[in-house]
Every structure is written in C-alpha cells, then in structure tokens.
Amino acid sequence: MFHHFISSAGPKRLVATSYVAVIAATLIGALADTASAQAPTPLTLPQAVSMALEKNPLRKAALADTRISLAAVRESKAPLLPKIMFSDGVTRSNNPVFAFGSKLNQQRFTAADFALNRLNYPTPITNWSSRFSGQWSLFDGLQSWYGVKRANLVQQATDQQLNRTDQELVYQVVQAYYGVLLAQQQLAVAQDGVKTAEATEASSRARVESGLAVQSDLLSAQVATASRKQELIQAQNGLALARTQLALALGMPSDAEYQPQQNLQDHSAPPAKLQELEAQALEKRPDLKRLDLGYEAQSKSVTMAKGAFAPRLNVFGSWETDSPSPGWNGGSNWIAGAELQLDLFDGDSKRARLAREKATRERIVAMRDAARDGVRLEVRKAYYEYDAARQEVEVARGAVTQADESLRINRNRYEGGLTTISDLLRVEEAAHRAQADYWRAVYRVQSSYAGVELATGTLTPSSPVVTQ
C-alpha cells in the first residue's frame, strides 16, 4: 500500500517540479532582460560629440537661427524686384458716380444714359472687376542694395555663432564625459577606502579581544569605517549625477545611461606659448568674427540711413477688365506711369535714424574692443589652469606613492604595537585623499586642455582632446 502511494504521487511531483522549473527559467530570463535593458550604453568620446552636435537642443536652436538669417536674406532681395498683383471682385450700387463710371468701364454707355433722371437716379448696377497691377522701385537711394548686403553679413555672423555653439557643446561634452570617468574613479577610491577601513576595524577588534589594544581603538576604527561608507554613498550619487549630466549634454533623456569606453589617463602635452595662443584666439574665435561682421552690417545700416535722404523713383502700371457679369465680357483699360518722390520735411525722423545707426555702430566698436580684451583674459585663464593642472598631476602622483608606502609602514607598526590607532587612521586618511586628489588632477588636465582650445577657438570634433 505504501508502495502504491509513492507510485501514484510520483508523477504529480514530477509535474509540479516541471512547473517550478519553467517559472524559474522565466523569472531568470526576465531578470536577465531587465539587467541588459538597464546596462549603460557603451560610448566613445567622438561618438558622444557627434551625438551632441546632432541632438542637443542648443545646437538645434542655433541651426534655426541660421535658417532665419537665410530667410532674411531672401526677404531683403524682394524690394529689388517688381511686385505684380491680381485682384478680382464684384460691386453693386446705385451710386451715381459708380453707375456712370462702371458703364463707361464696361463700354455699355449709351446716349440714353445722359438723361438727367438716369444720371441722378440710376438703377443699381453690378460690376465684376479683374485687375493685374504692378509697381517697381527703380531707385531708392540704394537702400535696397545695401539692405541685401547687410542681410548677407548678418547671415555670415549667424554662421559664426553656430560655429561657436558647436565649440561650446564639444567642451560641454568633454567635461561631462570625463566627469563620468572621474566619478567612476572616485567611486573606486571610496570602495577601496571602505575595504581598508573595514580591514583596520577587523584588526583593531582582534587586538582588543586579545588584550593588545583598548576599546577606544576599536571605536575609532568603527568611526573611520562609518565615514568611509558615507563617502561611498556620496560617490555613488556623484556617479549617477555625472551620468545624468552626460545624457543631457548629448541631448538625450536624463535617465539614459552611457558607459564611457575610454579611460581617465594621465597624459598631457604642453600647449603653445601664451602669446601665440592669444594671437590664435584673436584670429580664429568665431564670436570675434561675428562681432566684426556685425560691425560691417551696421555700417551698411548707416549707409542705408544716408540713402533715405535721396529721392525715390517708382514706376507702376495696371490692366483692368470690367463686366456686368462673371467672365471677361465687358470693357478693358490700362494705365502706366512713373513717380518721383522727395520728402521735403519728415519731422527730422531721417536725421534721428541716421544718428541712431551711427551710435549703434560706435557701440558695436566698443563691444568688439571689450570682447577682444575678454578673449585675451580667457586665454590666459585657460592657459594657467592647464599649466597648474599638469604640475598638480606630477605632485599628486608622487604623493600617492609616498602615501601608500607610509600606509604600509604604519600598518605594520600598528600590528606590532609600535604606533597608535590614531596615527594609522590619519595615515589612511592621507592615502585616501592622495588617491582622490590624483584623479581630480588628471580630470582637470583633460578638462583644462579642452578649455585652452575653447578659448583659442580651435576646439572641434577632431581636436586631440576628443580623438586621443
């Protein structure tokens, strides 16, 4: 009987086991899919720069500005061409003048229409009028010609602004990209700090339990471990924030995660001499070129204001058909003429406009001079920051070696009872800070070198700081 129970229950257990296996496999697959979906997307720095120049909203706005300026160029050419219009309408009235003129235009006027009663009290009349008309400004003091030149200069200035926006976006991406690498190194340093603190805590606990140290040593070690764990939490959040900054710099959603495929490496090259960098910046900076083009465009505005004092010559013409019903079944007529206009008095508005345009040009000159001084200052600041970062890396590299050796010696001395826990914790703190300072210095080298190229106007997607 017992054997029968086992044999009858066996298939049921087997079926249940199969269901469990299927469910387990499904859960494992779902977890694997979730993990793969949440895995950061691999990304190189050149790919990041290319993505930002395609998707970043700031560049899209700059591109829209270029399209606006191109449309303004086409619009500025319109006054140079004749305007041709067509109109079609219907009017019905018993107005004596309208009735008299409409019959003449329709070529339906007869001798009977001269009767006084018909002239004074005409019956309502309908007039369908179709007209082609045109006008052309032959001369306006060359204002239209200079308007086209000004629009072209503004369009060129907008292109320079787009170039500068591209450079700023490349710099922003470089900072964000290396910012993620720095955050990863800081996280690794924090994790090593926790491991070191926990090892010291375990050693202190063993020494206290064996009677070789007092309880305060263990408490001090536990405080140090808690401090390292707090730094680890901050480093984890810092990495999450750095990933968000990178995603936004790329023009992607803030929750998109990317994993840089390059490493935060300790390599640098001295830039050119400071005077050469300043000369290069004054020659290549797109924003300075934009100001130069703005000055030329404003000079054209001054010339246009002067041209407003000149006389204007216009020609015009039209062809019209008038019918009592729809369709060109009535009379037609045409008119053509020329007109010379000269403003004898305009309330001094033209002189005021000329004075305003000249003052605006003087303002642009002053702004251009101030911008040049600002560029010189930016170049010097970027140069000195990069030079300081290169030297700090050398110092930090030596400090890391010295701190590691000091930590090894003091740990051995503490194990041998030759030093206190306070001395050991102080040395551990110094080694921890030396590592963190080293990676921050390496990051500043890369970031400040990009800053030098940004200040000189040479930062592009093919710059060494991007492609190396």
Side-chain angles (χ1 to χ4, degrees), residues 65-89 91 95 97-98 100-102 104-105 127 129-161 289-322 331-368:
D65 287 338
T66 61
R67 291 194 292 270
I68 292 173
S69 63
L70 286 173
V73 171
R74 297 201 310 270
E75 185 179 5
S76 68
K77 295 178 181 179
L80 299 176
L81 302 174
K83 294 182 180 180
I84 301 176
M85 295 151 285
F86 171 76
S87 63
D88 188 66
T91 306
N95 180 276
V97 175
F98 172 80
F100 187 88
S102 296
L104 284 176
N105 290 335
N127 185 60
S129 176
S130 299
R131 176 183 299 175
F132 289 93
S133 62
Q135 58 184 20
W136 193 5
S137 178
L138 295 181
F139 182 76
D140 61 353
L142 300 180
Q143 294 184 76
S144 298
W145 285 102
Y146 284 110
V148 174
K149 293 182 179 180
R150 181 184 63 178
N152 282 315
L153 291 169
V154 172
Q155 190 269 326
Q156 296 174 28
T158 307
D159 288 342
Q160 294 298 329
Q161 182 59 41
K289 293 180 180 180
R290 180 175 61 85
L291 287 174
D292 291 338
L293 291 168
Y295 170 78
E296 295 181 20
Q298 186 58 33
S299 296
K300 297 297 182 292
S301 296
V302 172
T303 305
M304 291 172 62
K306 293 179 179 178
F309 290 92
R312 298 176 297 279
L313 177 61
N314 305 316
V315 294
F316 58 89
S318 67
W319 178 85
E320 178 181 356
T321 178
D322 297 275
S332 63
N333 60 85
W334 61 267
I335 186 173
E339 180 183 31
L340 181 65
Q341 294 180 338
L342 179 62
D343 296 333
L344 299 179
F345 180 72
D346 63 351
D348 206 32
S349 63
K350 294 181 180 179
R351 294 184 181 276
R353 176 192 171 191
L354 179 60
R356 183 190 64 195
E357 299 295 350
K358 288 182 176 180
T360 303
R361 184 174 60 181
E362 293 174 0
R363 178 176 176 271
I364 293 176
V365 171
M367 291 178 60
R368 184 178 59 178

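Smallest separation of non-hydrogen atoms from Leu293 and Ala157: CD1-N, 3.5 Å. When all heavy atoms are compared, the tightest approach of Leu138 to Val315 is CD1-CG1, 3.6 Å. Nearest heavy atom pair, residue Arg368 against residue Leu291, reads CA-CD1, 4.0 Å. Of all heavy-atom pairs between Gln155 and Val73, the closest is CB-CG2, 3.9 Å. Closest approach of Ile364 and Gly294 over heavy atoms only: CD1-O, 3.8 Å. The minimum heavy-atom distance between Pro311 and Leu340, with the atom names listed, is CB-CD1, 4.0 Å.
Under a 3.5 Å cut-off, the side chain of Trp136 and the backbone N or O of Pro79 do not form any donor-acceptor pair. For the pair Lys350 (side chain) and Ala308 (backbone), a donor-acceptor distance under 3.5 Å is present. In this structure, Thr321 contributes its side chain and Gly331 its backbone to a donor-acceptor pair below 3.5 Å.
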Show the numbers, then the answer: is there a side chain to side chain contact (heavy atoms under 4.5 Å, CB included) between Met304 and Arg353?
CA-CA 10 Å; Met304 291 172 62; Arg353 176 192 171 191; 3.9 Å; yes

Run the side chain to side chain contact (heavy atoms under 4.5 Å, CB included) check on Asp65 and Gln161 step by step: do they pass?
CA-CA 9 Å; Asp65 287 338; Gln161 182 59 41; 5.8 Å; no

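Summarising the geometry, atom OG1 belonging to Thr158 is positioned 9.0 Å from atom CZ belonging to Arg290; distances are rounded to the nearest 0.5 Å. To the nearest 0.5 Å, atoms CD (Gln156) and NZ (Lys289) are separated by 11.5 Å. Taking CD1 of Ile84 as the start and OG of Ser133 as the end, the distance is 9.0 Å to the nearest 0.5 Å. How far CH2 of Trp145 is from CG of Leu80: 5.0 Å, rounded to the nearest 0.5 Å. For the atom pair Glu296 CD and Asn152 CG, the distance stands at 12.0 Å (nearest 0.5 Å).
For the side-chain hydrogen bond (donor to acceptor under 3.5 Å, both in side chains) condition, the pairs that include at least one residue of residues 297-316, sequence neighbours left out, are Ser137-Asn314, Arg150-Ser301, Gln298-Glu357, Arg312-Gln341, Arg312-Asp343. Listed by first and then second residue, the ring-ring contact (aromatic ring centres under 6.0 Å, His included) pairs involving residues 294-319 are Trp319-Trp328 (not counting sequence neighbours). Contacts classified as side-chain hydrogen bond (donor to acceptor under 3.5 Å, both in side chains) and involving residues 73-82 (residues at least two apart or in different chains) are not found.
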